[in-house]
K.L.:
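Provided herewith is a single structure, encoded as structure tokens, for subsequent inquiry.
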Amino acid sequence: QVHVVESGGGLVQAGGSLRLSCAASGRTFSSYDMGWFRQVPGKEREFVAAVSLNGGTTYYADSVKGRFTISRDNAKNTVYLQMNSLKPEDTAVYYCAPKWFGGYYYYHTSYAYWGQGTQVTVSS
């Protein structure tokens, strides 16, 4: 089992930046790919980015490619999401989770042990 806590969200103007953190418990953190997703009310959880267990491979949704960067520090059991050039449409609750199951990295059903999320609001 893994317990994750997201932090770093807030209110920022369009064009600004935020850095989200996802701190995970458990000695097996480095055994799992990790993903960031986001969700707005009434919509399905949407893939944002994922990173392989050793940090060597990253994946991004087309909507954030070139603006967001995912990274991880296995020594600190933490995954980061650096978000630059933020847009109002990036407004959502952002969640992280380990990729617990088989399946595609961009399907939220491939992940488990979600955190409580952190709110990101981008004003125009």
Side-chain angles (χ1 to χ4, degrees):
Q1 187 171 350
V2 177
H3 180 65
V4 300
V5 177
E6 303 94 338
S7 62
L11 173 64
V12 64
Q13 286 189 330
S17 298
L18 283 174
R19 189 195 197 200
L20 305 185
S21 298
C22 170
S25 64
R27 294 176 294 175
T28 58
F29 173 78
S30 60
S31 299
Y32 298 99
D33 299 345
M34 295 291 294
W36 281 99
F37 285 73
R38 64 189 181 187
Q39 190 169 24
V40 297
K43 290 193 174 182
E44 194 167 302
R45 198 161 289 192
E46 174 191 32
F47 171 74
V48 175
V51 60
S52 62
L53 56 89
N54 64 1
T57 303
T58 56
Y59 308 90
Y60 296 95
D62 287 343
S63 58
V64 307
K65 204 171 292 183
R67 300 188 297 123
F68 290 11
T69 302
I70 188 172
S71 61
R72 67 190 295 165
D73 185 338
N74 286 345
K76 295 182 178 179
N77 279 14
T78 302
V79 179
Y80 304 98
L81 186 68
Q82 177 66 43
M83 305 187 297
N84 299 328
S85 302
L86 282 161
K87 304 175 181 180
E89 51 263 43
D90 294 319
T91 295
V93 178
Y94 283 70
Y95 299 89
C96 77
K99 188 175 180 295
W100 203 257
F101 306 107
Y104 294 110
Y105 60 86
Y106 48 82
Y107 282 167
H108 65 85
T109 53
S110 299
Y111 297 77
Y113 300 110
W114 298 91
Q116 83 291 344
T118 185
Q119 175 72 47
V120 171
T121 303
V122 184
S123 63
S124 57

K.L.:
For the side chain to side chain contact (heavy atoms under 4.5 Å, CB included) test, which of Y106, Y107, Y111 pairs with F37?
P.N.:
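Of Y106, Y107, Y111, side chain to side chain contact (heavy atoms under 4.5 Å, CB included) with F37 is met by Y111 alone.
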K.L.:
With the 4.5 Å side-chain cut-off for hydrophobic clustering, are Y80 and V51 part of the same group?
P.N.:
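The answer is no; the residues belong to distinct hydrophobic clusters.
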K.L.:
With a 4.5 Å cut-off on side-chain heavy-atom distances among I, L, V, M, F, W and Y, is there a chain of contacts connecting V120 to V5?
P.N.:
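Result: no, two separate clusters.
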K.L.:
For a quick test of reading the model, state the closest non-hydrogen atom pair linking S110 to G102 and the distance between them.
P.N.:
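Distance-wise, the nearest heavy atoms are OG-O, 3.5 Å.
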K.L.:
With the threshold set at 4.0 Å, does a side-chain nitrogen-carboxylate oxygen contact exist between D62 and K65?
P.N.:
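Yes, charged N to carboxylate O under 4.0 Å.
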K.L.:
My understanding is that only one of L81, V79, N77, T118 makes a side chain to side chain contact (heavy atoms under 4.5 Å, CB included) with C22; could you say which?
P.N.:
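Among L81, V79, N77, T118, the one that satisfies the side chain to side chain contact (heavy atoms under 4.5 Å, CB included) with C22 is V79.
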K.L.:
Working note: W36 + Y94, criterion ring pair (Phe, Tyr, Trp, His ring centres under 6.0 Å); need CA distance, chi angles, decisive distance, verdict.
P.N.:
CA-CA 7 Å; W36 281 99; Y94 283 70; 7.1 Å; no
K.L.:
Can you check whether Q116's main-chain N or O pairs, donor with acceptor, with E6's side chain at less than 3.5 Å?
P.N.:
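It does hold such a pair.
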K.L.:
Under a 3.5 Å distance rule, please check whether T57 uses its side chain to pair with a backbone N or O of S52 as donor and acceptor.
P.N.:
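The answer is no, because no donor-acceptor pair under 3.5 Å joins these two groups.
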K.L.:
In the single-linkage hydrophobic clustering (I, L, V, M, F, W, Y; side-chain heavy atoms under 4.5 Å), do F47 and W114 co-cluster?
P.N.:
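Shared cluster, yes.
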K.L.:
For the hydrophobic clusters of this structure (ILVMFWY residues joined by side-chain heavy atoms under 4.5 Å, transitively), does one cluster hold both L18 and Y95?
P.N.:
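Per the 4.5 Å side-chain linkage, L18 and Y95 are not co-clustered.
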K.L.:
Is it the case that one hydrophobic cluster holds both Y59 and F68, taking links as side-chain heavy atoms less than 4.5 Å apart, direct or via other members?
P.N.:
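No, because Y59 and F68 fall into different hydrophobic clusters, even though each may have its own neighbours under 4.5 Å.
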K.L.:
Does a side-chain heavy-atom distance below 4.5 Å link L53 with S30?
P.N.:
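Heavy-atom side-chain distance check fails, nothing below 4.5 Å.
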